[in-house]
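Working notes, structure below.
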2 protein chains.
Amino acid sequence: MQWDAWGDPAKKRELSDAVTSLLTGFLGVSAPTRSRLAIEDVQVVPSAMAQSHVEALAGMVGAEYVSTKDSDRILRAGGKSTPDLLRRRSAEPQDAPDVVVTPGTDAEVEQVLRYCSANRIAVVPFGGGTSVVGGLDPIRDGFDAVLSLDLRRFDQLVGLDEESGIATFGGGTTGPRAEELLREHGFSVGHFPQSFLFATLGGFAATRSSGQASAGYGRFEDMVQGLTVVTPSGVIETGRAPASAAGPDLGELFVGSEGTFGVITHVRVRVHRLPETTVREGWSFPDFATGAAALRELVQEGSAPTVLRLSDEAESGVNLATTDKIGENAFTGGCLGITTYEGTASHTAERMAEARAILTAHGGTSLGEEPGNSWEHGRFDAPYLRDALLDVGALCETLETATTWGNLANLRSSVTEALTKALVEQGTQPLVMCHISHTYKTGASLYFTVVSAQTEDPIAQWHKAKTAAGDAIISAGGTITHHHAVGADHRPWMKDEIGELGANILRAVKNAVDPAGILNPGKLIP
Amino acid sequence: MQWDAWGDPAKKRELSDAVTSLLTGFLGVSAPTRSRLAIEDVQVVPSAMAQSHVEALAGMVGAEYVSTKDSDRILRAGGKSTPDLLRRRSAEPQDAPDVVVTPGTDAEVEQVLRYCSANRIAVVPFGGGTSVVGGLDPIRDGFDAVLSLDLRRFDQLVGLDEESGIATFGGGTTGPRAEELLREHGFSVGHFPQSFLFATLGGFAATRSSGQASAGYGRFEDMVQGLTVVTPSGVIETGRAPASAAGPDLGELFVGSEGTFGVITHVRVRVHRLPETTVREGWSFPDFATGAAALRELVQEGSAPTVLRLSDEAESGVNLATTDKIGENAFTGGCLGITTYEGTASHTAERMAEARAILTAHGGTSLGEEPGNSWEHGRFDAPYLRDALLDVGALCETLETATTWGNLANLRSSVTEALTKALVEQGTQPLVMCHISHTYKTGASLYFTVVSAQTEDPIAQWHKAKTAAGDAIISAGGTITHHHAVGADHRPWMKDEIGELGANILRAVKNAVDPAGILNPGKLIP
């Protein structure tokens with residue numbers, strides 16, 4: 001992962017003429033305010049970690065797994081939101097954790113947490129570094145220093161129960177590594193969020209991640225069978241059985257805890273046999289409302305596909321769903337839907353036949369295989385596209401929410417209006433696009449992509465737009481985040497989301513597991 | 001509901017000759033140690049509630065909703081486990097809550113909880129009174145008195161969002177009442193546990209109930225979209241969206257909280273359109289292992305039926321799954337499976353075709369519609385049968401657990417052996433039967449029914465057997481309860497289930513919402 005952009009530099013995108021003309025002609029994009037820096041030109045705030053602590057930590061995990069080098073620190077200085085990437089372009093000294101520690105065992109993690117508890121050192125657990133909500137920001141919050149606890153050595157397939165379909169992985173195992181390790185045995189996790197190529201299973205659990213195949217395989221918390229969580233107060237194992245009535249589900253407290261309650265060192269995850277068949281089908285709907293009603297009918301009355309998506313008119317019009325064709329051959333079919341079916345041949349064929357009947361009856365027209373294949377081909381490429389847009393002076397960011405089917409249209413228009421108004425007020429007409437990518441029997445997610453020209457201070461520009469969107473989400477009854485998590489960026493809305501008593505409950509749990517409050521301060525808990 | 005037996009006295013069962021000969025011939029059942037008492041002969045421990053408290057409570061909710069009458073108190077003295085029913089047969093003074101209060105609004109509940117917090121009065125929330133784990137026991141635990149907080153006035157359909165498929169009910173609404181209120185609108189909850197006829201939606205949520213149609217509609221916690229919970233520290237609303245990444249799921253703390261964290265006054269529950277079609281099919285498998293493997297294959301690779309059950313050889317042999325035929329015409333087909341499919345005609349037909357192919361390929365033989373219809377007909381009758389067995393001197397009780405598919409055979413044999421050994425040691429050879437009634441991709445539940453002759457002290461006799469079973473469940477890696485909840489009876493195993501740190505977390509949450517500790521003391525939290 002690059003320190004100041006997404007992913008692998010070899011995969012850098014060039015913008016097509018179509019996109020460039022869209023940006024310059026329609027959005028008024030000109031030169032960027034900030035350009036990328038060479039890493040040797042970056043100034044990093046000096047490490048505040050006392051040498052005695054560095055030595056003590058080296059004694060616990062081995063000297064080779066403790067680093068105060070600027071190059072290691074800056075790589076763990078934050079996540080990959082647009083503001084994060086813009087901050088990396090600053091010529092001012094950049095904040096970063098004071099030390100990076102890479103333990104190798106649960107016992108080492110526990111030792112580090114106890115040491116930090118006793119020595120006023122904040123700890124930020126670090127997986128793939130793909131947070132887009134400020135979940136990795138090195139917030140000191142009154143502590144003397146910040147330690148980045150890198151989980152990368154927890155990258156093994158520890159066990160596989162093929163009969164039960166349960167695999168146990170180290171929490172630092174990345175998405176591709178997990179799939180590779182399982183493939184040898186004929187299994188797959190089936191969790192493919194946008195961050196898949198770099199993010200880790202522990203991170204998926206810590207943030208309640210939801211992947212592109214959620215219609216078929218569920219959200220990551222649905223896949224989690226159990227966690228090993230190391231806290232400053234000891235280790236907890238969650239998930240004794242596939243289902244239980246033995247009181248509140250404590251696993252659901254640690255799923256989504258974003259490193260504030262403990263470090264997820266191992267994840268027991270539901271896996272499935274590699275699908276015999278994968279079939280894709282694109283759909284056209286006359287408008288978003290018709291398409292959304294068709295998706296609703298399918299998930300309420302039929303068997304869900306593995307992937308089920310619907311782009312709105314704006315997103316369909318610029319082909320955002322198929323990243324290699326953006327801006328070309330405007331989609332004139334209203335709204336584009338994508339369905340994918342995986343499984344045994346018969347399971348796939350039966351669901352597809354049922355879905356076709358329902359989608360057709362509700363105003364859909366089949367577009368055949370091609371749109372689904374095209375979407376599949378580019379489905380992890382959007383962050384590369386964003387880097388290219390930032391480079392030419394466009395602002396590009398995404399945000400997401402969810403609500404009931406009955407409230408979906410209201411929420412979509414409220415957020416679109418808030419984003420548009422906030423950016424127009426700053427002199428930049430945006431293109432606001434939206435899609436449904438996660439469906440439930442009772443509702444769906446909404447994922448917004450916003451592109452406009454950058455102002456002179458694009459971080460402040462986006463902050464205003466994001467604040468307006470967050471306020472609109474809460475007013476319109478949505479959740480402040482459907483799958484990006486809370487981090488530092490969504491924390492201002494958490495009291496609206498869970499109420500004062502809910503916030504008190506989180507604080508009480510925090511105090512039980514992390515009495516010194518060292519774990520990821522400034523995140524999640526309002 | 002009768003005070004000392006299940007349900008409606010008009011539905012009392014007479015034992016067939018076949019059952020009687022099974023009991024006397026095979027199990028050595030003779031006369032009962034304890035007979036049922038006429039209600040006028042019951043002695044109830046006098047109410048300890050000071051008159052000043054009674055008057056204060058009457059001022060909050062109205063005098064007609066506060067009762068210290070013995071007849072009201074004894075009806076709320078406990079649940080409906082076998083030990084509960086045997087205790088009701090005691091000539092000794094019987095313990096009961098000191099007062100029964102029936103508030104009508106959230107504000108009244110809150111006022112009562114605050115008053116009780118200030119006056120050392122324990123509060124036991126009461127729904128349908130069907131607990132089989134001591135969840136309603138009037139445990140004083142150092143408090144001056146115990147108040148039974150009856151939710152029966154919270155029995156309305158408060159709202160129905162037909163588009164989203166979400167209904168809001170008062171927490172005291174019973175299963176049949178909820179179905180009746182929804183039927184007018186063409187909807188159903190689809191939650192049918194054994195306790196369905198009397199239990200309430202708030203109770204289903206408080207205990208993580210799982211119904212007979214769980215394969216199709218999920219456990220009750222899967223259906224819950226949100227709760228209104230009144231605590232001594234204020235009201236919390238859970239479930240802002242169908243899915244969210246806004247931190248830990250606080251709803252999952254209150255689902256399964258068994259009245260120890262708050263009073264569930266309203267439940268927002270997922271509902272579905274009344275099925276167009278219901279089709280049932282019975283199956284025969286040569287043995288339990290083959291049947292379990294077939295069920296596993298179906299839920300892992302296919303679309304689940306609405307109902308999916310498998311009785312073991314012992315249960316199949318006495319026709320326990322079809323209560324009107326118990327003991328007659330011994331089932332000679334090995335193990336009986338039941339499948340039911342509900343939904344639109346096409347959704348039903350497709351799932352059924354797929355299931356048939358999978359079950360047949362894995363050793364199943366279709367028995368046609370009849371066994372499913374027969375099971376359906378008697379599916380809420382087992383508790384009546386238990387009453388009849390207790391009356392003739394048989395001990396009859398059930399217990400349940402769950403584990404992964406890979407551990408299912410081990411858990412089943414461990415629990416069967418422990419129950420058998422513990423009862424044989426007391427001189428009573430038991431019949432131990434088992435079925436799978438809830439399936440997941442990664443595992444399944446096991447539900448045991450035990451019948452033997454009563455000893456002179458059948459409460460102590462069962463306590464020994466239950467203790468042995470609980471210890472065996474924990475040793476063999478099962479959960480202490482899959483859907484009966486914890487109450488007082490499973491509390492001794494909660495530290496094994498969730499660990500010391502897990503117990504500390506529950507205590508921390510309890511302290512945040514109920515600092516005086518008045519809510520259902522002696523239950524759930526170890």
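Letters A, B, ... mirror the listed sequences (proteins, then strands); counts begin at 1. Model, not experiment: these values are computed from the prediction. Note that these values count all heavy atoms, side chains included, but never hydrogens, waters or copies made by symmetry.
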Check each atom of [X] against the heavy atoms of chain B and say whether the ones under 4.5 Å are side chain, backbone, both or neither.
X: A/Thr404; result: both
X: A/His438; result: neither
X: A/Leu506; result: side chain
X: A/Leu250; result: side chain
X: A/Thr238; result: neither
X: A/Glu252; result: both
X: A/Leu411; result: neither

Filter on salt bridge (charged side-chain N to carboxylate O under 4.0 Å, His left out), then keep only pairs touching residues 474-495 of chain A, sequence neighbours left out; what's left?
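The answer is A/Lys495-A/Glu500.
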Taking NZ, NE, NH1 and NH2 as the nitrogens, is one of them in B/Arg351 or A/Glu354 under 4.0 Å from a carboxylate oxygen of the other?
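No.
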Most heavy-atom pairs under 4.5 angstrom with chain B, which of [options]?
options: A/Arg507, A/Lys441, A/Arg273; answer: A/Arg273
options: A/Glu162, A/Glu400, A/Glu297; answer: A/Glu297
options: A/Ser346, A/Gly478, A/Ala353; answer: A/Gly478

I'd like to know whether A/Thr344 forms a side-chain hydrogen bond (donor to acceptor under 3.5 Å, both in side chains) with B/Glu301, so could you lay out the CA-CA distance, the side-chain angles of the two residues, the decisive distance to 0.1 Å, and finally the verdict.
CA-CA 7 Å; A/Thr344 62; B/Glu301 298 290 327; 5.3 Å; no
